[in-house]
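All values below were derived from every heavy atom in this structure, side-chain atoms included, with hydrogens, water molecules and symmetry-related copies excluded.
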Amino acid sequence: MKRSWFVSFEGIDGAGKSTHIEGLATWFKSRGHTVTLTREPGGTPLAEKFRLLALHESMDPLTEALVMFAARREHLIHVIEPALARGEVVLCDRFTDATFAYQGGGRGFDWQVLKTLEQMVQHVPATTLRQPNLTIWFDLSPKVAAERLSSARVPDKFESQPVSFFEAVRSGYAKRMLESPDRFAQIAADQTRDKVWTDVLKAVEAAYMS
Ligand code: TYD
């Protein structure tokens, strides 16, 4: 059972997705898959430069959305599409749903404009609109996430936003899931790490077999 497969991981800051992404990379590798583990914004030298700008410079909302999509285009063309063409499993820490959740939900940027940009940027030779096969949404209340983050490192531009911003981001994810319910697996991230991992594996197995 080997075929190319694209999984994205989403959630508000502090939802705890990182350890599970690493765990899934190991899980797929132990089953004989070649795994490309990557992230957005970022994933190429140029897209990592866009990441630094996006996370640390304040900018106009349209500029912010364009920077996210510019980074995504570079990443898609130079990393994601080639890996999928080689038949690999691509595990991506955030993808386009983050733009809808953060720039659309959090910043209140126009949802339809984001959809237009999505159509342009994710149109690749292999398919008219590249989307993950599965999106795992680590869903957590922003209050709990903020408590988890308070002991973490120096916050970036997004991590230092108030709880109300993350309520809006969370609503953005919920709206995105309603638009593509078959692609999303919503995981309750307020459970123990082991239980979250069990739920992640269940979602991956169900989606991979379908
Ligand atoms: P994150 O993925 O949380 O990485 P780390 O764990 O290293 O902090 O950081 C990326 C931040 O960028 C996060 O706050 C969400 C934000 N972001 C957007 O606002 N829009 C996007 O399209 C993407 C991909 C990320």
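A side-chain donor from one of Thr36 and Glu88 sits under 3.5 Å from a side-chain acceptor of the other.
Atom CG of residue Leu53 and atom OG1 of residue Thr63 lie 11.0 Å apart, to the nearest 0.5 angstrom. Taken from CZ in Arg176 to OG1 in Thr135, the straight-line distance is 8.5 Å, to the nearest 0.5 Å. In this structure, the separation between OG on Ser8 and CG on Asp93 is 9.5 Å, given to the nearest 0.5 Å. For the atom pair Asn133 CG and Asp182 CG, the distance stands at 12.5 Å (nearest 0.5 Å). To the nearest 0.5 Å, atoms CD (Glu159) and CD (Gln161) are separated by 10.5 Å. Of the inter-residue distances, the one linking Lys115 atom NZ with Leu129 atom CG reads 9.5 Å to the nearest 0.5 angstrom.
Under the 6.0 Å distance and 45° angle rule, Arg94 does not count as a cation-pi partner of Phe9. Figure legend: cation-pi geometry between Arg170 and Tyr173 absent, as NZ or CZ is not positioned both under 6.0 Å from the six-membered ring centre and within 45° of its axis. The side-chain tip of Arg31 points at the ring of Trp27 from less than 6.0 angstrom away and within 45° of straight on.
The shortest heavy-atom contact between Ala188 and Val196 is O-CG2, 3.7 Å. When all heavy atoms of Leu55 and Pro41 are compared, the closest pair comes out as CD1-CG, 4.1 Å. Smallest separation of non-hydrogen atoms from Ala83 and Val90: CB-CG2, 3.6 Å. Closest non-hydrogen pair, Ala71 versus Gly42, comes out as CB-N, 4.5 Å. Nearest heavy atom pair, residue Ala145 against residue Asp13, reads CB-O, 3.4 Å. Taking each heavy atom of Ala15 and Ala189 in turn, the nearest pair found is O-CB, 3.6 Å.
A continuous path of hydrophobic side-chain contacts links Leu46 to Val67 [ILVMFWY only; heavy atoms under 4.5 Å]. Criterion: ILVMFWY side-chain heavy atoms under 4.5 Å apart, direct or through other members. Under it, Ile80 and Val89 are not part of a common hydrophobic cluster. In the hydrophobic clustering of ILVMFWY residues, with side-chain heavy atoms under 4.5 Å counting as a link, Leu66 and Phe100 come out together. Cluster membership check: Leu114 shares its hydrophobic cluster with Val121, using side-chain heavy-atom separations under 4.5 Å among Ile, Leu, Val, Met, Phe, Trp and Tyr. Both Leu37 and Phe28 are assigned to one and the same hydrophobic cluster, defined by single-linkage of ILVMFWY side chains at heavy-atom distances under 4.5 Å.
Taking the six-membered ring where tryptophan is involved, the planes of His20 and Trp197 are essentially parallel, since the angle between them stays under 30° and well short of 60°.
In this structure, the side chains of Thr26 and Val35 stay at 4.5 Å or more apart for every pair of heavy atoms. Considering only heavy atoms from C-beta on, Leu140 stays 4.5 Å or farther from Phe166 through its side chain. With contacts defined as side-chain heavy-atom distances shorter than 4.5 Å, the pair Phe158/Ile12 does not qualify. The shortest distance between side-chain heavy atoms of Met68 and Phe50 does not fall below 4.5 Å. At a threshold of 4.5 Å between non-hydrogen side-chain atoms, the residues Phe184 and Leu178 do not count as touching. For the pair Val124/Arg73, a side-chain contact is recorded, criterion being any heavy-atom separation below 4.5 Å from C-beta on. Considering only heavy atoms from C-beta on, Leu117 stays 4.5 Å or farther from Thr99 through its side chain. Counting heavy atoms from C-beta outward, Trp111 and Val113 have side chains that stay 4.5 Å or more apart.
Between Arg72 and the choices Glu40, Glu118, Glu81, the salt bridge (Lys or Arg N to Asp or Glu O under 4.0 Å) rule is met once, by Glu40.
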Worked check of side-chain contact (heavy atoms from CB on, under 4.5 Å) between Arg51 and Arg39: CA-CA 10 Å; Arg51 178 187 178 93; Arg39 70 171 181 183; 3.4 Å; yes

Steps toward side-chain contact (heavy atoms from CB on, under 4.5 Å) verdict (Asp139, Ile187): CA-CA 6 Å; Asp139 185 30; Ile187 306 282; over 6 Å; no

From CA spacing to verdict: side-chain contact (heavy atoms from CB on, under 4.5 Å), Arg3, Tyr208: CA-CA 10 Å; Arg3 58 170 197 260; Tyr208 197 80; 3.5 Å; yes

Test side-chain contact (heavy atoms from CB on, under 4.5 Å) applied to Thr96 and Gln122, step by step: CA-CA 9 Å; Thr96 203; Gln122 290 158 234; 2.9 Å; yes

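Checked by atom type and distance alone, the side chain of Thr44 pairs as donor or acceptor with a backbone atom of Ala47 at under 3.5 Å.
One finds a salt bridge joining Glu64 and Lys157 here, because a Lys/Arg side-chain nitrogen approaches an Asp/Glu carboxylate oxygen to under 4.0 Å. Salt-bridge check for Glu167 with Lys143: failed, with every basic side-chain N at 4.0 Å or more from each acidic carboxylate O. The residues Asp97 and Arg183 are annotated as salt-bridged, a charged nitrogen and a carboxylate oxygen being separated by less than 4.0 angstrom. Between Lys17 and Glu22, none of the side-chain N atoms (NZ, or NE/NH1/NH2) sits under 4.0 Å from a carboxylate O, so this pair counts as no salt bridge.
Between Phe6 and Phe95, a ring centre-to-centre spacing shorter than 6.0 Å is recorded.
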